[in-house]
Amino acid sequence: MRLYNTLTGEEKEFVPADGNTVKMYVCGVTPYSSTHVGHALSYVVFDTLRRYLEYQGYQVKHIQNFTDVDDKIIQRAQEAGISEDALTAQYIDDFFRTMDALNILRADVYPRATQEIGPILETIQSLVDKDFAYAASGDVFFRVNRKEDYGKLSHRTLDGMIAGARIQVDEDKEHPMDFVLWKGAKPGEPAWESPWGPGRPGWHIECTAMSLRYLDYPLDIHGGGQDLIFPHHENEIAQSEAHTGITPFAHHWVHNGLLQLGEDKMSKSLGNLVSVEEALAEYSADALRMYFLSSHYRSPLQYSDEGSAAMERSMDRFYHALRPTDVEEVAPASGEALDAAPFRQRFLAAMDDDLNTPQAIAALFDLARDINRERDAGNLVAEAQTTLRELGGVLGLTFEERSAGSDQLAASPFIDLLVSTRTELRQARQFALADRIRDELAAQGVVLEDSAQGTVWRYQR
RNA sequence: GGCGACGUAGCCAAGUGGUUAAGGCGGAGGUCUGCAAAACCUCUAUUCGGCGGUUCGAAUCCGCCCGUCGCCUCCA
């Protein structure tokens, strides 16, 4: 497949270096607040990339970190009067529940910064030894001037960054853009012993230490949201390449566009967040995945209730197309089987083109339409349905219609009874009474569908 | 101020030099139905922010203008 690489700014044919196993590192979250729909978008994108690579026959080794020590975690824990560990444990749980609910495959390893202090210290020491880093007043900084290609990912120069003029002056730094590798501890903060005194790792160094430990360089794919390009990934490149001398340390840098809420980017600092929990209370995981994949992964996407609702309705097309074809008992399918191969080809060609999920989805809708059409014509569609399920699965769609709650299941025999009563009334042409049953069931959220084969009912979605 | 992205129907969103500009939502008509609903069929952008230019040919390339957004600070 062809895949866009942020580092070069162009699409490049993607092949794992060893031809078989894809080494993929995706930056994870800082667990101090609920997982929001922006996170969900990002991880749905990388989950889809992973599923597609696996569908192509590759093994994917997927590593995703938790930044479980940082200023905000310390602050929130103190506000809540609990330990940092208790706070992060809570939100890591939330994260996993959310990922599972969205049918996002688990990474192979989820390393945590606090559990990788040893490798982190070794990496920092190596950078100090190589003169890429220096200690100052208990902190350790990366010396950006020593890395000549600093800025190559975000396509900016040190001069250009300084022109931004929003840099805080720090007298301990040799250069304003030097960034912290090790942060000396202030009283009351969690700290680990180091050659430079007690402290904790800076944000960027953990990813260097972890990706090297769990995947070895060079990585095939390094991913994250576009907001991580600078400074996080730029700094990671500087550290990783300075540390190992391997350049580039990741072949493909893949960044998803950010989810926006209204006019602005959805972000922790703006506080305009919608949690995944809130979204899933209203909409199915399939609908949300469809929403996230309905625009190209590198484009920004506006999140809205209207958009989610539209996707929910569009899923009905698939649900209906995938229903069992017991119709064939009445009108024996004598015709030809629907050939899904052209749709599969369209789907694969779209996915091969830098994960063009909007086009891939369009192919699936066309396939669904043909399934409905051919089934009505009495042709065989079982194989085509299998193809639709399989390709939808590459996008992580489950096609599970929203399951009924337990009290709804308990009501089923009574609804069946009302439906069969209505059928008898209709046969007796007692339409007023029959319609009353239909209307009152509708008021309870039960939708009846009449067809030549009888009446089926379902809960309104 | 520096760097970058984008502007396609009522809404969302593909397409980036060449037959009828994907797909979804919404809308209109039809088939089916006792009537509905669901489903299916048909229709729904002579035109791609504006103005110039290159070309036999541009939504697609170039220039200018208008507008929106992102990064430059924690962030997926």
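Here is the naming used below: chain letters follow the sequence lines, and residue numbers restart at 1 for every chain. The figures that follow rest on heavy atoms only: side chains count, while hydrogens, waters and symmetry mates do not.
- Contact of the A:Lys183 side chain with the A:Asp71 side chain is registered, since non-hydrogen atoms from C-beta on lie closer than 4.5 Å.
- When the C1' atom of B:C74 is taken as reference, atom CG of A:Asp68 falls 16 Å away, rounded to whole Å.
- Partners of A:Asp366 under the side-chain hydrogen bond (donor to acceptor under 3.5 Å, both in side chains) rule, at least two apart in sequence or in another chain, are A:Arg346.
- With rounding to whole Å, A:Asp227 atom CG is found 13 Å from B:U73 atom P.
- In the set B:A22, B:A76, B:G24, the nucleotide with an atom closest to the side chain of A:His39 is B:A76.
- One atom, CG of A:Asp366, and another, P of B:G24, lie 7 Å apart when rounded to the nearest Å.
- Following rounding to the nearest Å, A:Leu293 (CG) and B:G24 (C1') show an atom-to-atom distance of 13 Å.
- Counting to the nearest Å, the P atom of B:G4 and the CG atom of A:Leu258 are 18 Å from each other.
- Shown here are the side chain to side chain contact (heavy atoms under 4.5 Å, CB included) partners of A:Ala185, two or more places apart in sequence or in another chain: A:Ala191.
- The side chain of A:Gln260 lies closest to B:G70 when the candidates are B:A39, B:G70, B:C25.
- When heavy atoms are screened at a 4.0 angstrom cut-off, A:Gly224 is found touching the sugar-phosphate backbone but no base atom.
- At least one donor-acceptor pair under 3.5 Å links the side chain of A:Asp108 to the backbone N or O of A:His62.
- Nucleic acid contact class of A:Ile229 (heavy atoms, under 4.0 Å, all strands): none.
- Atom-to-atom, CG of A:Leu273 to C1' of B:C74 comes out at 13 Å; the value is rounded to the nearest Å.
- A donor-acceptor contact under 3.5 Å is not formed by the side chain of A:Arg317 with the base of B:C40.
- Per the geometry, CG belonging to A:Leu395 stands 15 Å off P belonging to B:G24, to the nearest Å.
- Residues passing the ring-ring contact (aromatic ring centres under 6.0 Å, His included) test with A:Phe14 are A:His252, sequence neighbours excluded.
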Along nucleotides 5-16 of chain B, 5' to 3', which nucleotides get a B, which get an S, and which get a -, given that the test is a protein heavy-atom distance under 4.0 Å? --------SSS-
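- Closest approach to the A:Thr30 side chain among B:C35, B:C69, B:A76 is made by B:A76 (side chain taken as heavy atoms from C-beta onward).
- Contacts between residues 3-10 of chain A and RNA chain B, defined by a heavy-atom separation below 4.0 Å, involve no residue at all.
- Residue A:Gly223 is classed as having no contact, given no heavy-atom separation below 4.0 Å to the nucleic acid.
- By the 4.5 Å heavy-atom criterion applied to side chains, A:Gln75 and A:Tyr32 are not counted as neighbours.
- Of the two residues contacting RNA chain B, namely A:Leu448 and A:Ser314, the nearest-nucleotide position lying further toward the 5' end is that of A:Ser314.
- Nearest nucleotide to the side chain of A:Pro231, out of B:A76, B:G34, B:U73: B:U73.
- Side chain of A:Glu383 to main chain of A:Leu338: no donor-acceptor pair is present (N/O by atom type, distance under 3.5 Å, no hydrogens or angles).
- Between A:Tyr110 and A:Phe96, the distance from one ring center to the other falls under 6.0 angstrom.
- By the 30° and 60° cut-offs, the orientation of the rings of A:His39 relative to A:Tyr43 is parallel.
- For the ring pair (Phe, Tyr, Trp, His ring centres under 6.0 Å) condition, the pairs that include at least one residue of residues 347-380 of chain A, sequence neighbours left out, are A:Phe318-A:Phe365.
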Please, what dot-bracket string fits RNA chain B when only Watson-Crick and G-U pairs with both distances under 3.5 Å count, crossing ones use [ ] and pairs to another strand use |? ((((((((.[[[..)..(....]]]((((((.......))))))....[[[[[..)....]]]]])))))))....
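- The side chain of A:Arg156 contributes no N or O atom lying less than 4.0 Å from OP1 or OP2 of B:G4.
- Take the nearest nucleotide of RNA chain B for A:Asp70 and for A:Arg429: the residue whose nucleotide is more 5' is A:Arg429.
- In this structure, a donor-acceptor pair under 3.5 Å is present between the side chains of A:Tyr55 and A:Glu390.
- Separating the NE2 atom of A:His233 from the P atom of B:A76 is a distance of 10 Å, rounded to the nearest angstrom.
- Annotation: side chain to side chain donor-acceptor pair (under 3.5 Å) contacts involving residues 90-99 of chain A, sequence neighbours excluded, comprise A:Thr35-A:Asp94.
- Taking only side-chain atoms of A:His36, from C-beta outward, the nucleotide of B:A37, B:C40, B:A76 with the closest atom is B:A76.
- A:Tyr43 comes within contact range of the sugar-phosphate backbone alone, with a heavy-atom separation under 4.0 Å but no base atom that close.
- A:Pro300 meets the side chain to side chain contact (heavy atoms under 4.5 Å, CB included) test with A:Gln260; sequence neighbours excluded.
- Under the side chain to side chain contact (heavy atoms under 4.5 Å, CB included) criterion, A:His155 pairs with no residue, sequence neighbours left out.
- When the C1' atom is used for both B:C48 and B:G4, the distance is 23 Å, rounded to whole Å.
- With hydrogens and angles left out, the side chain of A:Arg313 and the base of B:G24 share no donor-acceptor pair within 3.5 Å.
- In this structure, the nucleotide among B:A76, B:A37, B:C25 sitting nearest to the side chain of A:Asp450 is B:A37.
- When the C1' atom is compared between B:U16 and B:U60, the two are found 4 Å apart, to the nearest whole Å.
- Between B:G26 and B:G1, the distance separating the two C1' atoms is 44 Å to the nearest Å.
- For the C1' atoms, the distance linking B:G63 with B:A76 amounts to 37 Å, nearest Å.
- B:U68 and B:U8 have their P atoms separated by 14 Å, with the value rounded to a whole Å.
- With both ends at atom P, the span from B:A59 to B:G50 equals 11 Å, rounded to whole Å.
- Straight-line distance between the C1' atoms of B:G15 and B:U33: roughly 40 Å, to the nearest whole Å.
- Stacking of A:Phe431 onto the six-membered ring of B:G34 is present: less than 5.5 angstrom between centres, less than 30° between planes.
- Note on A:Asn256: every side-chain N or O is 4.0 Å or more away from OP1 and OP2 of B:A76.
- If you look at A:Tyr25 and A:Tyr214, their ring centroids are not closer than 6.0 Å.
- Using a 3.5 Å distance cut-off with no hydrogens or angles, the side chains of A:Arg375 and A:Asn372 do pair a donor with an acceptor.
- Every residue meeting the side chain to side chain contact (heavy atoms under 4.5 Å, CB included) condition with A:Ala340, not counting sequence neighbours, appears here in chain and number order: A:Leu367, A:Ala384, A:Thr387.
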Could I get a table of every N or O pair under 3.5 Å where one atom is in the protein and the other is in nucleotides 17-19 of chain B?
none

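- By the 4.5 Å heavy-atom criterion applied to side chains, A:Leu364 and A:Leu395 are counted as neighbours.
- Among the heavy atoms of the strands lying under 4.0 Å from A:Ala362 is at least one base atom, whether or not backbone atoms are also near.
- Comparing the P positions of B:G24 and B:A45 gives a spacing of 15 Å, expressed to the nearest Å.
- The listed nucleotides are B:G24, B:A76, B:C74; the one nearest the side chain of A:Arg369 is B:G24.
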